[in-house]
Amino acid sequence: MKNLPKINQSPVTQSQRDRLGRWLAVRRLDQELESTIGEMAPAESAGPEIPAAEIRRLIRPFDLGVAVGDIRLLSPRLAPADGLPRYVAVLKEWDEDEFLVAPYSKYPEPAVTGELATGRNHFSIDCLELWNARAIHRLALKHSWLADRMSDAEQADAWVVFAHAFAGKPLPEALADRVGPPVFVPEDPRLEYQAEEAAAMAPLAARSAEIAAWTAAATRDAAESKTVLIPMPCFAMPAAAADGVQVSPVIRGDGGTLERLLSGADPVPGSTAAAEAVLFRSDSERVDWHWVLPADFHPLPDAVTVVLDRTTGEMVGDAAMSEEDGDWIVVFSAPSDDRLRELRPEDVCLVLI
Amino acid sequence: MKLIEPTPEPTRDRALELKAWLEWKRECAAERCGADHAEALYQESNRVFRIMMFKRFSDCKIEQAEVEGTLIRISNDYIWHIFEDYSLRKKYTDQIAERHGKSYKEGMFSNIADAAERNGRGVRAGDFWAYFTVMLRSEMKNVLFINEQERGKREKTSSLNQEINDGLKLEDLLPGDAVLPDELSADLDIGETAASLAAQFFDSLDNRKLCFMLAMALELPKSHPALLEAMGVKHATAAEEPMRIEKMVMDFVAQHRPKDDAESQSRLALALVKKVYPMIFSWAQAEKSCAGILKAAEDRQMSSSTEDVN
């Protein structure tokens, strides 16, 4: 019989004691500043305004190619509402469509054994919270910006501390001095901090679960009953009926079944609009499909766009959405294969989740 | 002792400030902006900082350049450059690296656009300063701490003897010998309770869940063919198994410990799952349908042993 892994716990080192002392000092300063300076000042009512869209045009598009070793800044919609930048490290490919991701601490010193001093010498990414690692769906991670890359050594160190935190594997001596000491008593303020930090990952974890549930449901629906509910809000656009640029109907859904969606039924009467254009290109190497969304379409900034095969209900892939000169463009680009080359515009639809 | 003098609100040109923020975003740094825009950013950032520190936190100690009596004079652009330290790197190898290192600007501008849209209005200069204040406040804790360390006013471990709360000292947090987490659980009676409920919970698990938990303990992916075959389901169904198991264990705990608070129930649920694993491993040895999972885990362990770090 296999034995459960043993938790290896070493005595607290002097270095860990020093780190805890520094962590507590920074924590106390942070709390003092928060209580004395308070929350964000209310926005001034005075002064001229510019449209938010003008601000958005200055924002760099998300870096869509998520890879192991990335250090990424999360979209604010996936981060806590405190207004602070929140970085995560992409540690490993995990299960299908998932990456193992750990956040960086808001403090530069490791608080507990599952936190690693990175030696980065920047307060935003000085300390990695391996104890707070999560498996996150790759589509959820696309809503983030690449900030930097971890070195091979950083990745290896992070993995060792992760294995220590979750499986009790022993820490090499060199790394023992780069983590915090364990928590021993329930009154320890680090437990409160850990609860805060775990909660800070909740928006990303929830978004990941939402996407995973939707894609799993779509796959199951294709194979089984086709009666899954579409999570809202969603938006679906059956594509044009012929090659080239075509106008096609758009379905904006406020609920309904995938079957209704795929059949082109409008879940909410009167909510249809028209796609501006659809362009399908394919050759032996790649397929490139483009949709220009309707002029009055305002996508949710954190929407993920997936392409479905309307006949089978299977997910063909995920597409990228961007704004160009005031138009919202959806692009699906992938290496070509027999199946993709056979698909015509009317065979697929877009769903925004 | 007042270290930083408050300054009266100058006549502000909010339209200029707004343009300055946009130029700063485009140009990457205030010193690359036009002189009037850079000055608008320096001046208002200084004023925000002085209000922040003088009115609310007047005993803080920021040192930068020269000290005249108790008055610390800071250069005009000092606070702004502290703020720009949100950039991840000081020296960039190329423009792409610079853009990546300054991603915090993307997050800040996204936040501001989102907030304005939520309020159904456009973006004002004050919106930028509101986020600036929050970000600067967070950064100040590090600046203050580093300053204190550098000035030698705090020994590295001096915090260990300060009270946290209720008379608890930090040395109390760190006993000489480490205590195993299991013993902590036992202190809280959670381990004992979990042990008493483990057999009953194990009996309530059907083969599909047992196979799934076995595979997870052996670090097999949810999509592994051996697991799917043992469970007799497709990947989409297996992918949802964690949610089902989590709900099942939480329901089980709630049923047996209805008076416990949510946190205690969660801790008990975790302890319960840990106690059940040895039973699952025992069960798996004699269960024919698990042979594939055990074999797959063995193969996987062999092939990944070189990849695993020590």
Side-chain angles (χ1 to χ4, degrees), chain A residues 1-2 4 7 9-12 17-18 20-22 24-26 29-30 33 36-37 40-41 43-44 46-52 55-56 58-60 73 75-76 83-85 95-96 108 122-125 145-148 156 159-160 172 181-182 184-185 187-189 212 216 219-220 223, chain B residues 14-15 18 25-26 52 56-57 88 99-100 103-104 106-107 109-113 116-117 121-127 130-131 133-135 137-138 140-142 144-145 156-157 159-160 164 168 170 173-175 177-181 221-223 234 236 239-240 277-278 281-282 285 309-310:
Chain A
M1 179 182 137
K2 254 180 169 324
L4 283 177
I7 304 292
Q9 202 77 277
S10 306
V12 176
R17 285 172 186 270
D18 293 346
L20 179 58
R22 293 197 292 273
L24 286 159
V26 174
L29 276 169
D30 189 34
L33 284 165
T36 52
I37 294 172
M40 191 181 298
E44 294 175 321
E49 294 182 0
I50 55 170
I55 300 293
R56 291 205 188 283
L58 295 173
I59 300 170
R60 184 159 60 89
L73 176 73
S75 157
L84 299 175
D95 213 331
E96 189 178 338
H122 189 282
F123 55 88
S124 293
I125 53 170
W145 294 276
L146 179 66
D148 207 346
W159 182 245
V160 172
F184 296 96
V185 296
E187 297 85 1
D188 195 312
T219 308
R220 186 187 59 213
Chain B
R14 291 182 173 84
L18 194 51
K25 176 70 175 69
R26 280 191 295 264
M52 181 194 284
R56 306 274 188 99
F57 204 65
L88 287 191
R99 266 206 316 272
H100 288 166
S103 293
Y104 75 99
E106 320 301 343
F109 274 54
S110 290
N111 257 325
I112 288 165
E117 280 174 349
R121 60 168 177 77
V123 174
R124 302 169 184 142
D127 298 333
Y131 277 93
T133 305
V134 164
M135 291 170 71
R137 186 195 74 193
S138 175
M140 287 313 298
K141 69 178 184 292
N142 304 309
L144 290 171
F145 178 64
K156 278 186 177 178
T157 56
S159 295
L160 291 173
I164 309 167
L168 187 71
L170 296 180
L173 305 181
L174 299 177
D177 296 317
V179 181
L180 292 181
K222 293 194 281 279
S223 55
K234 294 183 173 156
E240 291 172 354
Y277 272 125
F281 283 122
S282 292
Q285 304 306 310
V309 185
N310 295 323

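What you are looking at is a predicted structure, and each value in this text was computed from that prediction instead of being measured. Chain letters run A, B, ... following the sequence lines, proteins first, then strands; residues in each count from 1.
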Contact part of B:N111 toward chain A, heavy-atom cut-off under 4.5 Å: side chain, backbone, both or neither? both
Tell me, do B:F109 and A:P76 make a side-chain contact under 4.5 Å, heavy atoms counted? no
Assert top hit (heavy-atom pairs under 4.5 Å, partner chain A, pool B:A239, B:S223, B:G122) equals B:G122
Test item: B:H100 and A:D148 side chains (from C-beta on) under 4.5 Å apart, heavy atoms: no
In Å and rounded to the nearest 0.5 Å, what is the CD1 to CG distance from B:I112 to A:L58? 11.0 Å
Hey, does A:F123 have a side-chain heavy atom less than 4.5 Å from the side chain of B:K141? no
Separation of A:L84 CG from B:R137 CZ (nearest 0.5 Å): 7.0 Å
Do A:R60 and B:S103 get their side chains close enough for a donor-acceptor pair, meaning under 3.5 Å? yes
With a 4.5 Å cut-off on heavy-atom pairs, point out which of B:S138, B:A116, B:S110, B:A15 contacts chain A the most. B:S110
Given salt bridge (charged side-chain N to carboxylate O under 4.0 Å, His left out), test B:E117 with A:R56 step by step and report yes or no. CA-CA 11 Å; B:E117 280 174 349; A:R56 291 205 188 283; 2.7 Å; yes
Any side-chain heavy atom of A:P48 sitting closer than 4.5 Å to one from B:R14? yes
Can you tell if the side chain of B:V123 reaches within under 4.5 Å of the side chain of A:E49, non-hydrogen atoms only? no
For A:I59, which atoms come within 4.5 Å of any heavy atom of chain B: side chain, backbone, both, or neither? both
Please flag which part of A:I125 lies under 4.5 Å from any non-hydrogen atom of chain B: side chain, backbone, both or neither. side chain
Closest heavy-atom contact between A:L73 and B:G107? CD2-N, 4.0 Å
Please enumerate all residues that pass salt bridge (Lys or Arg N to Asp or Glu O under 4.0 Å) together with B:K222, with sequence neighbours excluded. A:D95, A:E98
Report yes if some heavy atom in the side chain of B:M135 is under 4.5 Å from a heavy atom in the side chain of A:P85; otherwise report no. yes
